[in-house]
Amino acid sequence: MSRVAGQARVPVLTIDGPSGSGKGTIARQVADRLGWHLLDSGALYRLVAVDAERKAVALDDDEGLARLAAHLDVEFAISADGSEQILLEGSDVTGAVRSEEAGIGASGVAVIPAVREALLGRQRAFRQAPGLVADGRDMGTQVFADADLKVFLTASADERAKRRYKQLKDKGIDVSLAAVSRDIVDRDRRDSERSVAPLKPAEDARILDSSGKPIEEVTQTVLDWVSNI
Ligand code: C5P
């Protein structure tokens with residue numbers, strides 16, 4: 001491992017990609033297998049949207065939203081049954097954070113430069129030994145531009161919509177495939193076209209198309225790449 005100013009440099013693997021590409025699942029599996037920390041950066045943008053709703057901060061109040069982002073009092077925990085638990089100021093907001101509304105709200109607050117700036121330090125603080133797997137949209141391009149391995153995970157829009165639809169149905173949420181498809185296409189457009197930290201592969205990213213591939217195969221490909229860094 002390389003050393004910076006006498007300190008061991010903590011390795012980072014970034015996994016970026018569009019909604020529904022499977023990056024959350026793959027990042028979690030890879031982090032578990034390596035025994036590394038995990039940063040789900042999308043959850044932070046979702047939390048800003050959820051906090052704004054709770055505190056009645058308008059989604060066009062850039063300063064108010066940046067203030068929320070800077071002061072988020074959040075804890076990521078694992079509950080007794082092994083499922084994730086997200087606590088905002090001590091209350092369980094896991095369901096709200098994972099909702100479609102929070103995803104849409106997140107992509108709205110994510111275009112505000114002051115919000116992104118306010119979340120930068122918090123994201124970088126996740127880089128702790130023995131290593132970090134960071135998943136998001138700009139992990140390899142902005143937040144961890146010096147990452148040891150950058151993966152850009154894609155899948156066809158059709159397949160991503162079907163996966164998202166199944167996830168929502170499994171959670172008992174009543175949606176149509178057409179509505180989920182529309183949301184995915186809208187969110188992709190907003191994430192890719194924004195001027196600040198748009199969704200795009202880093203120049204040195206390895207592109208991995210997960211269409212039609214089982215999770216285990218994609219996870220293994222990433223682990224093989226990690227073992228060569
Ligand atoms: O990945 P997830 O669906 O949780 O992300 C929600 C939204 O947060 C994305 O659509 C995107 O607009 C924003 N986001 C971002 N940068 C990240 C992670 C998420 O802009 N690193």
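Whatever order the structure lists them in is the order used to number ligands and atoms, beginning at 1.
Taking a cutoff of 4.0 Å between a charged side-chain nitrogen and a carboxylate oxygen, D183 and R164 do not qualify as a salt bridge. A salt bridge is absent between K200 and D138: the closest approach of a Lys/Arg side-chain nitrogen to an acidic carboxylate oxygen does not fall below 4.0 angstrom. Look at R137 and D16 and you find no salt bridge, because none of the NZ, NE, NH1 or NH2 atoms lies under 4.0 Å from a carboxylate O. The pair D148-R9 counts as a salt bridge, with a side-chain nitrogen and a carboxylate oxygen less than 4.0 angstrom apart. Between D186 and R182 no salt bridge is recorded (no basic side-chain N to carboxylate O distance below 4.0 Å). D51 and K55 are joined by a salt bridge, as a carboxylate oxygen and a charged side-chain nitrogen come within less than 4.0 angstrom of each other. With respect to the salt-bridge test (charged N to carboxylate O, under 4.0 angstrom), the residues E216 and R33 qualify.
Residue, atom and distance of the protein heavy atom nearest to atom 6 (C) of ligand 1 are R187 NH1, 3.6 Å. Looking from atom 16 (N) of ligand 1 to the surrounding protein, the closest heavy atom is R116 NH2, 3.0 Å. Residue, atom and distance of the protein heavy atom nearest to atom 19 (C) of ligand 1 are G42 CA, 3.5 Å. Taking atom 18 (C) of ligand 1 as the reference point, the nearest protein heavy-atom neighbour is S41 OG, 3.4 Å. Atom 7 (C) of ligand 1 has its closest protein heavy atom at A106 CB, 3.6 Å.
Close N/O approach between R137 and ligand 1 is found [any backbone or side-chain N/O within under 3.5 Å]. Polar contact with ligand 1: absent for Q123 (N/O pair, distance under 3.5 Å).
The distance from ligand 1 to the heavy atoms of K23 drops below 4.0 Å at these ligand atoms: 1 (O). Short contacts between ligand 1 and A110, defined as distances under 4.0 Å to a heavy atom of the residue, involve ligand atoms 12 (O), 13 (C), 20 (O). Of all atoms in ligand 1, numbered sequentially from 1 with element shown, those under 4.0 Å from a heavy atom of D191 are 9 (C), 10 (O), 11 (C), 12 (O). Contact atoms of ligand 1 toward R46: 2 (P), 3 (O), 4 (O), 6 (C) (distance under 4.0 Å to a heavy atom of the residue). Residue contact check: S107 has heavy atoms under 4.0 Å from atoms 10 (O), 12 (O) of ligand 1.
With a 4.0 Å heavy-atom cut-off, ligand 1 is reached by the side chain of R194 but not by its N, CA, C or O.
At most 12 non-hydrogen atoms from other residues, nucleotides or ligands lie less than 6.0 angstrom from CD of E53. At most 12 heavy atoms of other shown residues, nucleotides or ligands fall within 6.0 angstrom of atom CD in E203.
Counting only non-hydrogen atoms, the option in D138, L39, D135 that gets closest to atom 21 (N) of ligand 1 is D138.
The shortest heavy-atom distance from M139 to ligand 1 is under 4.0 Å.
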inquiry  = side-chain contact (heavy atoms from CB on, under 4.5 Å), that's the test. Do V143 and L120 meet it? Break it down for me.
reply    = CA-CA 7 Å; V143 182; L120 255 189; 3.9 Å; yes
